[in-house]
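Structure record follows, encoded as structure tokens.
Just so it is clear, the structure is predicted and the values come from calculations on it, not from any experiment.
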Amino acid sequence: MKAWREAASLILAAHKPRLSPPISHKSSTSATITDTDSIPEWNTVFDYQVLMLKRSSKSKFIPNAYVFPGGVSSSKDFSKGWLDLFSGHGFKSADLEALVLENKDRPFLLQKKTEETVDEFVSRDIAFRLNAIRETFEETGILLHHDPQNKGMSSAHNFGCDNQELEIIRKKVHADPSEMLTLYKDLDLLPDIWNLSEWSDWLTPVDLHEQGTRRFDTIFYFACLPELPQTILEKQEISAVAWTEPGTILNQFYRRELWLAPPQVYELCRLLNFEHLHQLRNFAADRQKEGCVNWLPVRLQCDDGLVSLLPGDSLYPDPPDYIGSSAEKKSLQVYKGDIKQCLQESEHLNRLTFKDTYHCIPKVNISPAHGHVNPLQYHPFQMMKFMFPVESYDCQHCDEEQIKFCYSQQNKMVWNGKFNEQDLKKERNQDWSQMGKNPFIYSLTMNYLD
């Protein structure tokens, strides 16, 4: 029996023209900033939006979290009928096998067939793409199909009906996954497996007690659309749907207006590297040729919070315990020291640090593996683009009492903006020498405070 369920998720982006050219920090004068209540207008920076769904409060796993669409695989995703459908449109098995990577690192769920998978007619590289496409339709009514004229991008089928009629179709597939194949047959369409690029794979930590005992091995794919599609809401498992810029939803998260699951924080911070959809699309298509491996977060309880270690970090175990011993399942591993000490002990960083569930910061300095990019920290990125104060610049420099005081203020951004450099040194008891290790961040902060 497997220790986890296999699943697929889709990072789906759609083009949306920028409202106006972004404001460069080079042309901004920090001394003129007075509106500390300003909200960053990320639609002036990014020319695309990402689909995010809020899980229901009744969900057994990460309730109320904003996540990418996705869910567990079904035996119907491996049905021989899919091969017949592709064959009917001129695609033979050999054509589909071009999507199967050879001699590259593969996550567990994409590894070659075993005794447990001998009855699977469809290659796992294909089936989990079908899984991601099906779950996206079940949760949002967006049906991705192959359009040879739309090179490099996927297409969303226009059903030509109102949301109520689309909901009837969506419910049929949600109730019976085999209806997905029937739907494509009836529409004479093919699911667009070619424009789903393999992105990453995340495995639920062995000690995530706060979310119950469920664990998932989830392969993340990336796809993009030329425009925002008709989108509906699956109301049993999902309570809200949003198309949003990566910077916008990260800003809402750090302002505690919504909650993001940690893998979503890491992946959205990766997207900050790409302001233009064509750059992101080309990168994803090239990167997938390098394969990927399972990322199992290994969590450490520190004196003042939690550290989630990822592959490549100096403290990451080699190999990690993917199943989890009985002792590890009962309690978190303990690091004798605070988060800052844990950082200083490590030469190579690939981790998420948590002061609480909303204070989730990627700390990464390693060379990314498998052709990927490292995440950018949101707050320095916001500072660079807009040059006005952030709600919580980097709380690792403050003690717990100071952080609680910040968050207790009715308007945290105004409070933060009232202090000059001397005030901050006094009030926050900050170790500025540590901030000085990053000259770019230090200069941005000093420019604003001056």
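- Between Glu6 and Arg124 there is a salt bridge, since a side-chain N of the basic residue sits under 4.0 Å from a carboxylate O of the acidic one.
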(request) Output, in order, the C-alpha distance, side-chain angles, deciding distance and verdict of side-chain contact (heavy atoms from CB on, under 4.5 Å) for Gln49 and Thr244. (result) CA-CA 5 Å; Gln49 293 184 327; Thr244 176; 5.6 Å; no
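- Under the 3.5 Å distance criterion, the side-chain polar atoms of Asn365 are matched with a main-chain donor or acceptor of Leu349.
- Although no hydrogens or angles enter the test, the distance criterion places a donor-acceptor pair under 3.5 Å between the side chain of Arg170 and the main chain of Glu138.
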Under 3.5 Å, sequence neighbours excluded: what are the donor-acceptor pairs made by side chains of residues 260-274?
from	atom 1	to	atom 2	distance (Å)
Tyr266	OH	Asn350	OD1	2.7
Glu267	OE1	Trp199	NE1	2.8
Glu267	OE1	Arg270	NH1	3.0
Glu267	OE2	Ser200	OG	2.7
Glu267	OE2	Trp202	NE1	2.8
Glu267	OE2	Arg270	NH1	3.3
Arg270	NE	Val373	O	3.0
Arg270	NH1	His372	NE2	3.4
Asn273	ND2	Arg270	O	2.8
Asn273	ND2	Asn374	O	2.9

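- Aromatic ring orientation, His146 versus Trp194: tilted (interplanar angle from 30° to 60°).
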(message) With side-chain contact (heavy atoms from CB on, under 4.5 Å) as the criterion, how do Trp295 and Thr218 come out once you've worked through the C-alpha distance, each side chain's angles and the decisive distance to 0.1 Å?
(response) CA-CA 10 Å; Trp295 275 23; Thr218 306; over 6 Å; no
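- The closest side-chain heavy-atom distance from Lys16 to Asp47 is not below 4.5 Å.
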(request) Would you please test Arg106 and Glu198 for salt bridge (Lys or Arg N to Asp or Glu O under 4.0 Å) and show each step? (result) CA-CA 11 Å; Arg106 312 307 290 133; Glu198 183 181 308; 2.7 Å; yes
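- Counting only N and O atoms by type, the side chains of Asn251 and Tyr378 include a donor and acceptor under 3.5 Å apart.
- For the ring-ring contact (aromatic ring centres under 6.0 Å, His included) condition, no pair includes a residue of residues 336-356, sequence neighbours left out.
- Leu225 has its side chain out of reach of Glu227: every pair of non-hydrogen atoms, C-beta onward, lies at least 4.5 Å apart.
- The heavy-atom pair separating Thr204 from Arg215 by the smallest distance is O-NH2, 2.7 Å.
- The aromatic ring centroids of Tyr254 and Tyr358 lie 6.0 Å or more from each other.
- For the pair Arg134 and Pro177, the minimum side-chain heavy-atom distance is below 4.5 Å.
- Counting heavy atoms from C-beta on, the side chains of Ser9 and Tyr221 never come closer than 4.5 Å.
- Between the CG atom in Leu309 and the CG atom in Leu352 there is a gap of 9.5 Å [rounded to 0.5 Å].
- Using a 4.0 Å cut-off between charged side-chain N and carboxylate O, Asp77 and Arg129 make no salt bridge.
- Across Asp321 and Leu296, no two heavy atoms sit closer than the pair O-CD2, 3.6 Å.
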(request) List the steps, then state whether salt bridge (Lys or Arg N to Asp or Glu O under 4.0 Å) holds for Asp286 with Arg281. (result) CA-CA 9 Å; Asp286 288 339; Arg281 177 195 66 199; over 6 Å; no
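- At most 12 heavy atoms of other shown residues, nucleotides or ligands fall within 6.0 angstrom of atom CD in Gln164.
- Ion pair Arg351/Asp313 flagged as a salt bridge, since at least one NZ, NE, NH1 or NH2 atom sits closer than 4.0 Å to an Asp/Glu carboxylate oxygen.
- Rounding to the nearest 0.5 Å gives a distance of 8.5 Å between CZ of Arg256 and NE2 of His359.
- Heavy atoms only, all atoms of each residue included: Cys302 and Asp338 are closest at CB-C, 4.0 Å.
- Atom CG of Leu144 and atom CG of Leu189 lie 11.0 Å apart (nearest 0.5 Å).
- Side chain of Arg287 to backbone of His370: a donor-acceptor contact under 3.5 angstrom is found.
- Proximity of Pro246 to Phe46: side-chain heavy atoms (C-beta onward) are separated by under 4.5 Å at one or more points.
- Ion pairing between Lys235 and Glu167 fails under the 4.0 Å rule for side-chain N and carboxylate O.
- No hydrogens or angles considered: nothing links the side chains of Ser154 and Asn195 as a donor-acceptor pair under 3.5 Å.
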(message) Please determine whether side-chain contact (heavy atoms from CB on, under 4.5 Å) holds for the pair Cys292 and Phe220, giving the CA-CA distance in whole Å, both sets of side-chain angles, and the decisive distance to 0.1 Å.
(response) CA-CA 10 Å; Cys292 69; Phe220 284 64; over 6 Å; no
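- For Leu277 against Ala13, the heavy-atom pair with the smallest separation is CD1-CB, 3.8 Å.
- For Leu110 against Phe128, the heavy-atom pair with the smallest separation is CD2-CD1, 3.8 Å.
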(request) Please test Glu345 against Tyr335 for side-chain hydrogen bond (donor to acceptor under 3.5 Å, both in side chains), starting from the C-alpha separation and ending with a verdict. (result) CA-CA 11 Å; Glu345 182 181 326; Tyr335 176 84; 2.7 Å; yes
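- The shortest distance between side-chain heavy atoms of Arg55 and Pro63 does not fall below 4.5 Å.
- Relative ring orientation between Trp4 and Phe108 is described as parallel, the plane-to-plane angle staying below 30° on a 0-90° scale split at 30° and 60°.
- The shortest non-hydrogen separation linking Gln288 to Leu196 is OE1-O, 3.8 Å.
- The backbone N or O of Phe283 sits nowhere less than 3.5 Å from a side-chain atom of Gln279 that would complete a donor-acceptor pair.
- Between His145 and Asp147, some side-chain heavy-atom pair lies under the 4.5 Å cut-off.
- Remark: Leu166 CG to Ile232 CD1 distance equals 4.0 Å, nearest 0.5 Å.
- Using a 4.0 Å cut-off between charged nitrogen and carboxylate oxygen, Lys104 and Glu290 count as a salt-bridge pair.
- Trp42 and Phe381 have their aromatic ring centers within a separation under 6.0 angstrom.
- Atom-to-atom distance recorded for Thr136:OG1 and Glu234:CD is 12.5 Å, nearest 0.5 angstrom.
- Each of Asp162, Asn163, Thr140 was evaluated against Gln230; a single residue qualifies, Asn163, per the side chain to side chain donor-acceptor pair (under 3.5 Å) test.
- Counted by atom type alone, Ser57 and Asn64 present zero donor-acceptor pairs between their side chains at under 3.5 Å.
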(request) Any chance you could lay out the side-chain contact (heavy atoms from CB on, under 4.5 Å) test for Arg18 and His276, step after step, and finish with the verdict? (result) CA-CA 9 Å; Arg18 295 196 303 199; His276 300 284; 3.7 Å; yes
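- Electrostatic pairing of Asp207 and Arg299 counts as a salt bridge here, judged by a charged N lying under 4.0 Å from a carboxylate O.
- A distance-only check finds a donor-acceptor pair linking the side chain of Gln377 to the backbone of Pro362 [under 3.5 Å].
- Cys224 is not listed as a side-chain neighbour of Leu280, based on a closest heavy-atom distance of 4.5 Å or more.
- Formation of a donor-acceptor pair under 3.5 Å by the Ser56 side chain with backbone atoms of Lys58 is found in this model.
- Annotation: the span from Leu51 atom CG to Ile11 atom CD1 amounts to 11.0 Å, rounded to 0.5 Å.
- In Gln236, the CD atom is not crowded: 12 or fewer heavy atoms of neighbouring residues, nucleotides or ligands sit closer than 6.0 Å.
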